[in-house]
K.L.:
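This is the structure, below, for whatever I ask next.
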Amino acid sequence: MGPPDFSTQDEPSHIHNAAVLRDYTSVPVYQQYYQRRFTLTGNVITQPLVLLLLSVLPTSAAACKAVSVIVVAAFPLAFAWLLSAFTRHTGAFTLLASPCALSYGVVLLRFALG
């Protein structure tokens, strides 16, 4: 049996962090080693999204794969939104930039700049 099929390099850490958030109140050892704080750093969107998806999808890996699909699907919308600040002709440019959709940072940057 080979290694698990992770869709991203850091998927195991996202799954673990979301599981800790989910089980924080019911697992006393988590309360000894972790402190829950909301900050605008790191994976401010990813962690809550994975936590939500863990409650509706059958496996933890499916939750991170779903996040990947959401990010890739959101890219054209984010890029078109960014381009709309400069031009009304966003279609062709959005198609040309779509290969960049596999980077979370690129998608989030487009939304932030848009």
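Computed from a predicted model, the values in this text were never measured in an experiment. Computed over heavy atoms, backbone and side chain alike; hydrogens, waters and symmetry mates excluded.
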K.L.:
Only counting residues at least two apart or in another chain, list the ones meeting side chain to side chain contact (heavy atoms under 4.5 Å, CB included) with Arg36.
P.N.:
Leu21, Tyr24, Thr25

K.L.:
Among all residues two or more places apart in sequence or in another chain, which pass the side chain to side chain contact (heavy atoms under 4.5 Å, CB included) test with Val29?
P.N.:
Val27, Gln32, Tyr33

K.L.:
With sequence neighbours left out, write down each residue that passes side-chain hydrogen bond (donor to acceptor under 3.5 Å, both in side chains) with Tyr34, or none if nothing qualifies.
P.N.:
His16

K.L.:
In the hydrophobic clustering (ILVMFWY, side-chain contacts below 4.5 Å, transitive), which residues join Leu52, or is it alone?
P.N.:
none

